[in-house]
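Data first, discussion second: the structure below is written as structure tokens.
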Amino acid sequence: MKKFVLKKEEPRKRPEDYSIPYADLLNKQQLDAVFHEKGPALVVAGAGTGKTRTLVHRVARLVESGVKPSNILLLTFTRRAAKEMLNRASNILDERCKQVQGGTFHFYCSLLLHRHAEIIGYPSNFTIIDTADALEVIQFVRTELKLNKKKKRFPNKNTLLNIISTCINKHLDLRVVLQEQYPQFLEQEEKIQQVGLAYQEYKEKNYVMDFDDLLIKTRQLLTQHEDIRIKVASQNQFVMVDEFQDTNKLQAELTELFSSVHGNVMAVGDDAQSIYSFRGADHQNIMDFPERFEGTKLIKLEENYRSTPQILNVANNLLKQASFKFDKQLYSEIKDGELPALVQSSSEHDQSRFITQAVLQLREQEMELNEMAVLFRNGRDSFDLEVELNRKNIPFVKYGGQKFTEAAHIKDVLAHIRVLVNPMDTIAWNRVLMLLDGIGPKTAQDLFEWIRLAKNPYRLDLSDTTSQSYIDQLKVLSKLLVALKENDHSVAKVVELVVDYYRDFCKDRYDDYPKRLKDLEAFVNVSESFTSLPKMLEELALDPITATAVDTEQKTKEEAPLILSTIHSAKGLEWKHVFIIQCLDGIIPSAYSVEDEEQLDEELRLLYVAATRAKDMLYFSYPVLAQSAYGDYFTQPSRFLKDMNNDLVEEWKLVEEEQQQQIEEGNQQQLTD
DNA sequence: GCAGCGAAAATATCT
DNA sequence: TTTTCGCTGC
């Protein structure tokens, strides 16, 4: 026999060993991060310093070096971000990069939980409930528990859910949360605890999970089942977490668990951009990372490649105003641009006219609409602008704000789908049943008890036991559900049939039904892109469509649309021209955060994040007078803009055409005189 | 137990 | 302005 000696395979370690010219594409620090091999690393990256670029190239490099894509886990803040990064990675390398596991913590946890559901006592078809559903459940247990009708004020469902969720996400005891945030309810601690437990029990009994459960049950799964932890963590040879400043304590723990076999974990973040503390995010996670992961290599990205020095000056000025100081100065080698504009308008509507016309002007100068963005603090801050944009036929997409799936009529339709997927989902059944005349909370509850025990939960054949007024309606409902269950329709067909059934209810219940019916048609269209009903429910829960996205879809095919976004949803993105509207004191900073130094700082960072999205030009815009939802008036520009002098920003004045003509005529007059 | 009416309250950012 | 609570008549 002849021997053929195979040479030892040289691991690729240096940029020269690769087909992609990493060394030409990246700076020294970025290269360090991309070529970081084993062990934990923390990349502290200021705004615009090429954080995404670094992650994208690291994914490409790992794949190119022979790591199986499925052994890489990339956790990002939104699913959109993960998709974009993996797309970019496959553009520089190849399609393999799309096989990388990517998504939000919630998404990845959902994946693991569906895979191992039975171990924690759930069926694999469990439903994920959104905040509105969660509130309904809270309301239900709240009324159930209200045995002694003492006249003491008891927190309402919103507050209760907030308290419960804060305990979980910040990993705190109920008492601590109450002491810090709701001292007025300290006396009720016991009852609040009861609500919390009843809520938990309700969810478990009905096989549903809320967003927090996805995280907490995953931790439970991995800490209580050593074998599964090892299996999961073995697969994750390389773990990367983006936007680490906006992870909470629980997510930091999960990061540790996910990477607990190989220990190759890279976190990327910027403490100056932490804007999610309301959700339990703790930018201390960044500071604590080296302690949590021993032997952490620290890499700092400091040079900004995005914005002009003028924009960075403004950003640096903002950061300087923080009461908790940052040791941070952004700088860039980009050539000078215009001074950021400070635009005062006389009314919100004039502000909208300004934005619309400025956008049109830029478009005439050959700038694509999607290279510009309008950012704002609250979803509703763009309502007036949206009307104006529609009038002028400017296509736009809006990120953030009211979700399409949160609208009552869409939830009604979705509830029917949910009972088809998970017949134990009481919340959905309640919604479905209470649409019928004569069925209220109590009857719905009784009916569900019957459904729970029924052989076929969709065959609502109660004619021999009841002679109620709703019996005929129940038959119609039952016929629909049985038919949908028995036939193997496409997702869109199912949605269409449910919508057909629901249309009359919609007309009865809502005065503005024409608009809602249009939404329903749009929903049928949207549903075509889903492969199965469970998948659709999961996707819609974890990545809900924004309200305007649906009806703008048509228009956007012709021209890339203008971007409208809440500042929170603009995280990590960039545009040539950025307009920040409604820069009013009381809006940003929000009137509810001015009392608290920490919260005020977060509002400041929010404006910082908004400002650093701009590459070429930045506009701060505010109307002189703005009315809030019920009565209050905001009349002052944001306090954060107050001490920006003329070196930093340029004040723009809006002048009406007629006025301008008069001025010009006046000048003419003077000349001829 | 349901539905409808009038009075009273009311935080927003997102997975 | 919109949502939520509590009361009343059926």
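Reminder, nothing fancy here: chain letters follow the sequence lines and each chain counts from 1.
Residue A/Leu606 contributes atom CG, which lies 10 Å from atom P of B/dC14 at whole-angstrom precision. When the C1' atom of B/dC14 is taken as reference, atom CG of A/Asn248 falls 12 Å away, rounded to whole Å. Taking atom CZ on A/Phe383 and atom P on C/dT1, their separation rounds to 15 Å, with Å as the unit. The interatomic distance linking A/Arg377 (CZ) with B/dA12 (C1') rounds to 5 Å, in whole Å. Distance A/Arg279 CZ to B/dT15 C1': 5 Å, rounded to the nearest Å. Look at CG on A/Leu436: it is 18 Å from P on B/dG1, rounded to the nearest Å. Taking atom CZ on A/Arg605 and atom P on B/dT13, their separation rounds to 19 Å, with Å as the unit. In this structure, CG of A/Asn158 is placed 12 Å from P of B/dT13, rounded to the nearest angstrom.
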For the pair A/Glu243 and A/Gln245, evaluate side chain to side chain donor-acceptor pair (under 3.5 Å) and give the outcome as yes or no after the intermediate values.
CA-CA 5 Å; A/Glu243 310 279 10; A/Gln245 77 282 355; 2.9 Å; yes
Test log, rule salt bridge (Lys or Arg N to Asp or Glu O under 4.0 Å), inputs A/Glu204 and A/Lys217
CA-CA 11 Å; A/Glu204 281 168 12; A/Lys217 302 255 181 226; 2.9 Å; yes
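Considering only side-chain atoms of A/Phe278, the nucleotide from B/dC14, B/dA12, B/dG1 that sits closest is B/dC14. Checking B/dG1, C/dT4, B/dT15 against the side-chain heavy atoms of A/Lys157 singles out C/dT4 as nearest. With distances taken from any side-chain atom of A/Pro441 to the nucleotides B/dC2, B/dT15, B/dC14, the minimum falls on B/dC2. Residue A/Lys442 places its side chain closer to B/dG1 than to any other of B/dT13, B/dT15, B/dG1.
Rounded to whole Å, the separation between the P atoms of B/dT13 and C/dT4 comes to 15 Å.
Within the nucleic acid shown, A/Gln139 comes within 4.0 Å of sugar-phosphate atoms alone, with no base atom in reach, counting heavy atoms only. Using a 4.0 Å heavy-atom cutoff across all strands shown, A/Asp212 reaches no nucleic acid atom at all. Here A/Phe107 lies out of heavy-atom contact (under 4.0 Å) with every strand.
Other residues, nucleotides and ligands contribute more than 12 heavy atoms inside 6.0 Å of the CD atom of A/Gln179.
Phosphate contact (OP1/OP2 of B/dT13, side-chain N/O of A/Ser590, threshold under 4.0 Å): absent.
The nearest heavy atom of DNA chain B to A/Thr78 and to A/Ala444 marks one nucleotide each, and the one closer to the 5' end goes with A/Ala444.
The base of B/dA12 does not come close enough to the side chain of A/Arg380 for any donor and acceptor atom to sit less than 3.5 Å apart.
Ion pairing between A/Asp130 and A/Lys411 holds under the 4.0 Å rule for side-chain N and carboxylate O.
Between the side-chain ring of A/Phe105 and the base of B/dT15, no stacking contact exists by the 5.5 Å and 30° definition.
In this structure, A/His114 has its ring center no closer than 6.0 Å to that of A/Tyr122.
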